[in-house]
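Scroll down for the structure; my scribbles are underneath it.
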There are 2 protein chains.
Amino acid sequence: MTVTLSDVAREAGVSLATASRAINGSANRTVRPELRERVLAAAARLRYSPDANAQAMARGRTTALGLIVHDIADPYFSTIASGVTAAAERAGLVVTLASTDRDPDREMAFVELMQRQRARAIIVAGGRYDDEAANAALAEALVEYRSRGGGAAAVGQPLLGVDTVVIENRSATAELARQLHGRGYRRFAALAGPAHHLTAHERFDGFRGSLAELGAPVDPDLVVPCAFTRDGGYEAMEQLIARGVVGRRDDPSTSVDAVFAVNDVMAVGAMAAARAAGLDVPADVAIAGFDDIITLRDITPSLTTIRLPLADIGAMVTELALAPDNESPRLVPVDGEVILRDSTPPRS
Amino acid sequence: MTVTLSDVAREAGVSLATASRAINGSANRTVRPELRERVLAAAARLRYSPDANAQAMARGRTTALGLIVHDIADPYFSTIASGVTAAAERAGLVVTLASTDRDPDREMAFVELMQRQRARAIIVAGGRYDDEAANAALAEALVEYRSRGGGAAAVGQPLLGVDTVVIENRSATAELARQLHGRGYRRFAALAGPAHHLTAHERFDGFRGSLAELGAPVDPDLVVPCAFTRDGGYEAMEQLIARGVVGRRDDPSTSVDAVFAVNDVMAVGAMAAARAAGLDVPADVAIAGFDDIITLRDITPSLTTIRLPLADIGAMVTELALAPDNESPRLVPVDGEVILRDSTPPRS
DNA sequence: TTGTAGGCGTTATCAT
DNA sequence: ATGATAACGCCTACAA
């Protein structure tokens, strides 16, 4: 049914070997132009399409690159993914995508799957949870994978024992805190995200540490754990408002002048909650986020946040994953850039 | 170096065939439990990992599903992609992703690539351009692919000759127009998107048609072509404002009371332009979009738009692509749902 | 139930 | 420069 290289060879009146050489122009390209033409013509005539699987088997290497993200619908990950696909295309590789919804079992299963596919490398994108067992298991799976010749790299925290593009959450939020302090804010509340979410934790931690140094420590009572989502931010903010710590600026019982949410969508949720409560942002309360989600750049008031070069990060992690094997995991730090906007105006 | 099934067989003291049957539990699972155990144990001991490429070759079928999107970083496509990956996982398939940036050549190249990989099916997501040649070429490539046993499906316009989840842009915007008319709007302008962008065209066309029927035809002068992006919306709106057709409500020269942008990010850009010009939305001008981008649901004023079940669409198109071959391309229409919000309040 | 052997489509090592 | 011919790792009639 399907036309094989043998068919092409026969049609061109040459041997299988010659046909192979003519078509892929292998290492020692030793095939007379004339024959070469004949083979190519035959291939075209027969609409020959090389079987990548057969090639992979014969060559002993594939052209696949595995990419694991928590949720491809999340703009954070889809932007990284776009960087990865671009870099992969440049490298002549094909990206196999898995959206695991943060399920450790599915992550493991996908690594296993990529191992079977003999993929060239695996990229794990996205912050980890504070789950020793799960991280260790995944790390081990990656060690195994690498021991069999695959490449591996991650973006987020350097917890997997592989080359990692490390997102410098702490220093970024520390700088954000300094700049907000510089704009006159002193009494902060934080929408801190889920308890075991390391990225959330790091972001808040940098923020808190910096403020402590500046002599404006965050009151632990004003740190609200919540989901890493828009609704999480909304509910956490509602709670602060219900407790009366966030309210009208002229209300003496109000004790918070700025709220830091560990990501943009939470910040937006918080804004919505504030508005729903009849508060004005930033007049009554300032709000800052993290990520600088593109589609959110036009919200009103414009949101102070931290920008990460996500597409570049995708390209970088691809380079790492594809780089020749090396000893100690390389760590490539990436800084966020503080973007001050209208949601945190200088406070007078 | 790598351990093969033969190694496992030897280790277990059985034949290659038995090892194969024990491990993949093939069709007629005829292997004594005892032996089966021994093989599995040996496999585990040796850390055997089946070679998917070899299996694919021997079995004559792969487990790959190709997905082509215009831009994976775009929430529209990443949400569809999440639906596809979920459905593919259920079907035991692996998704190979290509983000082609609307480049016909890259689309063709990817189809070709998937052909070589002997992928089970190809999904083409995203509206087409009004480019006969490019569409015809892609359609032909897909015909070729299908003639070789692959499945194919698309989402958007039914122009590729394959099963398609057809986005009913026209009827959705027609309904939007009716509802806006019902809210009292009469003088519309439209940010129509790029000239040859079929999705943009359909959306505007449904809108215009409906208004014509209602006796409130859109003045051609108030239809502004522009890029399908936030900046496109911004600039087009700037232009309307500069021309004086959009302005303060109490300004008698203002002739537009509502602006329809063919997608949400353009609508947001338009809002930004209006604000930059000192106008109030919706007091001075109402604005509506299309897509109901999740991250935009909290903008102020909340945006009237049309919601598409993108993740479901991803799942549906996967079903289509995987369905047993059939004759005439099946077309599955999907309607958008009009969501009226604050950006287009009842006009008094 | 288990084993033997041929085949899947290429590549690559040898001679020639 | 070209052509046989082993691999590559697995599946699956077919035979035993």
Side-chain angles (χ1 to χ4, degrees), chain A residues 1-40 42-43 46-64 113 115-120 148-149, chain B residues 1-40 42-43 46-64 113 115-120 148-149:
Chain A
M1 195 64 200
T2 72
V3 22
T4 76
L5 192 53
S6 311
D7 299 326
V8 175
R10 189 175 329 113
E11 170 86 4
V14 302
S15 76
L16 216 198
T18 300
S20 173
R21 294 191 268 250
I23 286 188
N24 72 14
S26 76
N28 18 7
R29 47 174 189 77
T30 52
V31 65
R32 208 186 336 159
E34 173 198 329
L35 273 195
R36 182 187 180 68
E37 285 310 309
R38 232 162 67 200
V39 173
L40 262 29
L46 268 37
R47 302 188 145 287
Y48 168 70
S49 167
D51 184 321
N53 288 294
Q55 291 182 313
M57 227 180 84
R59 298 208 249 246
R61 62 194 155 73
T62 66
T63 171
L113 194 55
Q115 166 61 48
R116 294 155 97 101
Q117 308 279 7
R118 304 296 188 260
R120 286 270 270 282
R148 289 159 120 104
Chain B
M1 196 61 201
T2 73
V3 24
T4 76
L5 191 53
S6 312
D7 299 326
V8 174
R10 191 177 326 116
E11 171 86 3
V14 301
S15 76
L16 217 194
T18 300
S20 172
R21 295 192 267 250
I23 286 188
N24 72 13
S26 75
N28 20 7
R29 45 174 193 75
T30 52
V31 66
R32 211 186 334 158
E34 175 198 328
L35 273 195
R36 182 187 179 68
E37 286 309 309
R38 234 164 63 201
V39 173
L40 261 31
L46 267 38
R47 303 188 145 285
Y48 168 69
S49 168
D51 183 320
N53 287 294
Q55 292 183 313
M57 223 177 86
R59 297 208 251 246
R61 64 194 152 72
T62 66
T63 170
L113 195 54
Q115 167 61 47
R116 294 155 97 102
Q117 309 280 2
R118 304 295 187 260
R120 286 269 269 282
R148 290 161 121 104

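Sequence lines set the chain letters: A, B, ... in the order given, protein chains first and strands last, and positions in each chain run from 1. If you're wondering where the values come from, they're calculated on a predicted model, not measured in any experiment. The figures that follow rest on heavy atoms only: side chains count, while hydrogens, waters and symmetry mates do not.
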Original post:
What about B/R118: does its side chain form a donor-acceptor pair under 3.5 Å with the base of C/dG9?
Top reply: no
Subject >> Rounded distance in Å - CG (A/D51) to C1' (C/dG7) >> reply: 14 Å
**OP:** Could you tell me the separation between the CG atom of B/N53 and the CZ atom of A/R59, rounded to the nearest 0.5 Å?
**Re:** 11.5 Å
**OP:** Let me know the distance between CZ of B/R21 and C1' of D/dG9, rounded to the nearest Å.
**Re:** 16 Å
Subject >> Gap between atom CD of B/Q117 and atom OG1 of A/T62 - 0.5 Å precision >> reply: 9.0 Å
Original post:
Quick one: is D/dG3 close enough that its OP1 or OP2 comes under 4.0 Å of any side-chain N or O from A/T18?
Top reply: yes
Subject >> Min side-chain heavy-atom separation B/R118-A/D51 under 4.5 Å >> reply: yes
Original post:
Can you tell me how far C1' of C/dG3 sits from CG of B/L35, to the nearest Å?
Top reply: 12 Å
Original post:
Where the side chain of A/L5 is concerned, which of C/dG9, D/dT12, C/dT10 is the nearest nucleotide?
Top reply: C/dT10
Original post:
Are side-chain heavy atoms of A/T18 and A/R32 found at a separation under 4.5 Å?
Top reply: no
**OP:** Establish, with yes or no, whether the OP1 or OP2 oxygen of D/dC11 is under 4.0 angstrom from a side-chain nitrogen or oxygen of B/Q55.
**Re:** yes
Original post:
Is any side-chain nitrogen or oxygen of A/S15 closer than 4.0 Å to OP1 or OP2 of D/dA4?
Top reply: no
Subject >> A/R59 CZ - C/dT13 P separation (whole Å) >> reply: 13 Å
Original post:
NA contact type, A/L16, heavy-atom cut-off 4.0 Å: base, sugar-phosphate, or nothing?
Top reply: base
Subject >> Under 3.5 Å: donor-acceptor pair, side chain of A/R120, backbone of A/T63 >> reply: no
Subject >> Atom-pair distance (CG on A/N53; P on C/dT10), nearest Å >> reply: 10 Å
Original post:
Any side-chain heavy-atom pair from B/P50 and B/L5 closer than 4.5 angstrom?
Top reply: no
**OP:** For B/G13 and for B/M57, find the nucleotide of DNA chain C with the closest heavy atom, then tell me which residue's nucleotide is more 5'.
**Re:** B/G13
Subject >> Proximal nucleotide (of C/dT10, D/dG9, D/dT2) relative to the A/R32 side chain >> reply: D/dT2
**OP:** Measure the distance from CZ on A/R10 to P on D/dT2 and round it to the nearest whole Å.
**Re:** 20 Å
**OP:** Return the value, rounded to whole Å, for the distance between atom CG of B/D7 and atom C1' of D/dG9.
**Re:** 10 Å
**OP:** Considering just the side-chain nitrogens and oxygens of A/T4, establish if one lies under 4.0 Å of OP1 or OP2 belonging to C/dG9.
**Re:** no
Subject >> Closest nucleotide among D/dG9, C/dT2, D/dT12 to the B/V31 side chain >> reply: C/dT2
**OP:** Let me know the distance between CD1 of B/I23 and C1' of D/dG9, rounded to the nearest Å.
**Re:** 12 Å
Original post:
Does D/dG9 have OP1 or OP2 sitting under 4.0 Å from an N or O in the side chain of B/T2?
Top reply: yes
Original post:
Does a nitrogen or oxygen in the side chain of A/N24 sit under 4.0 Å from OP1 or OP2 of C/dT11?
Top reply: yes
Original post:
From the list C/dG9, D/dG3, D/dC14, which nucleotide is the closest neighbour of the side chain of A/A17?
Top reply: D/dG3
